[in-house]
Amino acid sequence: MTTAHDAVVLAGGAARRLGGVDKPGVRVGGRPLLDRVLAACAGAGRTVVVGDPRPTVRPVGWTREENPGSGPVAALDAGLTALRTPTTGTPTGPTTGTPAGPTPEVLLALSADLPFLDGSTVRRLLAALDADPEAEAALLTDAGGRRQPLVAAYRTGPLRRALDAARAAHQGLDGLPLRTLTAGLRLVEVPADPAAPLASFDCDTWEDIATARARIRDHGAVLDEWITAVKTELGIDLDVDTGVLLDLARDAAHGVARPAAPLTTFLVGYAAAKAAEDGTVPAEAVAEAARKAAALAQRWAAEQDEAG
């Protein structure tokens with residue numbers, strides 16, 4: 001069971017090394033960087049983005065630092081404060097406000113420029129914090145062992161105390177580095193998972209953006225990236241066995257004709273949607289429709305073989 005938590009995503013930096021471009025809106029794999037991070041932390045009870053409001057892949061609250069662009073510590077403080085205060089937003093649109101209420105004891109703190117962050121990494125951070133009652137924060141470490149304070153899970157009580165202490169010591173929070181906070185917290189390090197070594201890869205330059213775009217087109221990742229992008233674009237929340245559909249497309253192409261592959265998979269999707277309307281679990285509907293179509297394609301091919 002995942003620990004109850006909220007999330008704050010920092011998306012208000014100046015992006016000077018990108019020429020001041022709207023970095024959270026830069027697309028990698030067809031999706032804005034911010035949306036990729038929001039998908040990874042979708043399990044949060046409430047999410048506040050510190051940055052300028054925009055359409056997003058899921059409802060979030062919005063806030064800004066008292067002095068916009070005043071650094072990550074001030075932004076984190078603004079996000080934590082917003083979770084205790086209703087934020088503004090449209091009640092039905094993608095930039096909804098966040099209802100005030102008791103804040104869970106755990107807060108995810110993430111930057112908005114992490115193209116390879118995934119839900120598995122988030123769950124590992126939460127699990128590491130939960131497993132060590134003495135720990136006040138769990139920070140991901142990259143392949144070089146460097147701590148990532150914006151790929152981290154914090155206990156909200158100690159984090160608030162660290163923010164208050166920093167504010168008192170420095171007459172404010174503007175311009176402070178994140179180590180100002182982490183230096184006074186009991187930390188547990190979470191090494192990068194070999195299965196997700198790029199979870200903390202952030203995009204600070206156009207070279208980083210180019211690297212990220214090239215990485216997702218690697219042979220081993222491109223199909224999953226494309227399917228996720230299509231589902232996001234179409235508003236579909238459905239886990240499907242892509243292997244089954246690829247096998248179906250192969251059978252239709254080889255047993256009938258090459259153009260039959262995309263047409264058959266389209267018809268399977270349509271049939272599955274109709275079945276789901278009648279109460280069938282969507283993933284099961286896709287699997288059953290694909291099974292029937294694949295069997296038909298194999299019978300079609302068998303008839304051709306018999307005809308010589």
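We use all heavy atoms of the structure for the numbers below, so side chains are in, but hydrogens, waters and symmetry mates are not.
- No single ILVMFWY cluster, assembled from side-chain heavy atoms under 4.5 Å apart, contains both L296 and L245.
- Annotation: salt bridge (charged side-chain N to carboxylate O under 4.0 Å, His left out) contacts involving residues 60-72, sequence neighbours excluded, comprise D52-R64.
- Legend: residues meeting side-chain hydrogen bond (donor to acceptor under 3.5 Å, both in side chains) with R31, ordered by chain and number and at least two apart, are absent.
- Scanning both residues, V122 and A40, for their nearest heavy atoms gives CG2-O, 3.6 Å.
- Scanning all heavy atoms of the two residues, the minimum distance from A294 to L248 falls at N-CD1, 3.5 Å.
- Minimum interatomic distance between A7 and C41 (heavy atoms only, all atoms of both residues): CB-SG, 4.3 Å.
- Other residues sharing a hydrophobic cluster with F266 under the 4.5 Å side-chain heavy-atom criterion for ILVMFWY residues are L267.
- Applying the salt bridge (charged side-chain N to carboxylate O under 4.0 Å, His left out) criterion to R291, with sequence neighbours excluded, gives E288.
- N67 pairs by the side chain to side chain contact (heavy atoms under 4.5 Å, CB included) definition with S70, D174, not counting sequence neighbours.
- Under the side chain to side chain contact (heavy atoms under 4.5 Å, CB included) criterion, K274 pairs with Y270, E277, sequence neighbours left out.
- Both V49 and V57 sit in one connected hydrophobic cluster of ILVMFWY residues. Membership requires side-chain heavy atoms under 4.5 Å apart, directly or through other members.
- Rounding to the nearest 0.5 Å gives a distance of 9.5 Å between OH of Y154 and CG of L163.
- In this structure, P262 and P259 approach most closely via the heavy-atom pair CD-O, 3.3 Å.
- Of the inter-residue distances, the one linking L110 atom CG with L140 atom CG reads 10.5 Å to the nearest 0.5 angstrom.
- We find the OG1-CG distance between T228 and L223 to be 9.0 Å, quoted to the nearest 0.5 Å.
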May I have the list of side-chain donor-acceptor pairs in residues 72-83 shorter than 3.5 Å, sequence neighbours left out?
from: D77; atom 1: OD1; to: R167; atom 2: NH2; distance (Å): 2.9
from: D77; atom 1: OD2; to: R167; atom 2: NH2; distance (Å): 2.8
from: T81; atom 1: OG1; to: D77; atom 2: O; distance (Å): 2.9

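- Checked against P149 for a side chain to side chain contact (heavy atoms under 4.5 Å, CB included), the options L187, L139, L185 give a single hit: L139.
- Under the 4.5 angstrom side-chain criterion for Ile, Leu, Val, Met, Phe, Trp and Tyr, the cluster partners of V28 are L18, V21, V26, L33, F116, L198, F201, W206, I209, I216.
- Closest heavy-atom contact between A285 and A272: CB-O, 3.6 Å.
- Legend: residues meeting side-chain hydrogen bond (donor to acceptor under 3.5 Å, both in side chains) with D247, ordered by chain and number and at least two apart, are R250.
- Partners of P177 under the side chain to side chain contact (heavy atoms under 4.5 Å, CB included) rule, at least two apart in sequence or in another chain, are R179, T180.
- Annotation for A196 and D118: closest pair CB-OD2, 3.9 Å, computed over non-hydrogen atoms.
- Once rounded to the nearest 0.5 Å, the distance linking CD of Q148 with CD of E189 reads 10.5 Å.
- Defined by atom type and a distance below 3.5 Å, a donor-acceptor pair is present between the side-chain atoms of D113 and S111.
- When atom types are taken as modelled, the side chain of T264 and the backbone of A260 share a donor-acceptor pair closer than 3.5 angstrom.
- For residues 192-204, the pairs satisfying side chain to side chain donor-acceptor pair (under 3.5 Å) are K23-D204, with sequence neighbours left out.
- Side-chain contact check for D208 and T211: no donor-acceptor pair (N or O, by modelled atom type) lies under 3.5 Å.
- The side chain to side chain contact (heavy atoms under 4.5 Å, CB included) search around A135 returns L129, D132, V188, not counting sequence neighbours.
- Separation of atoms OG1 (T56) and CG (L38) is listed at 6.0 Å; rounding is to 0.5 Å.
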Chi angles and distances behind the salt bridge (charged side-chain N to carboxylate O under 4.0 Å, His left out) call for R36, E225: CA-CA 11 Å; R36 297 180 73 93; E225 285 284 351; 2.9 Å; yes
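- Using a 4.5 Å cut-off on side-chain heavy atoms (C-beta onward), C203 and R213 make no contact.
- The CZ atom of R146 lies 4.0 Å from the CG atom of D142; values are rounded to the nearest 0.5 Å.
- Using a distance-only test at 3.5 Å, with no hydrogens or angles considered, a donor-acceptor pair links the side chain of E136 to the main chain of R186.
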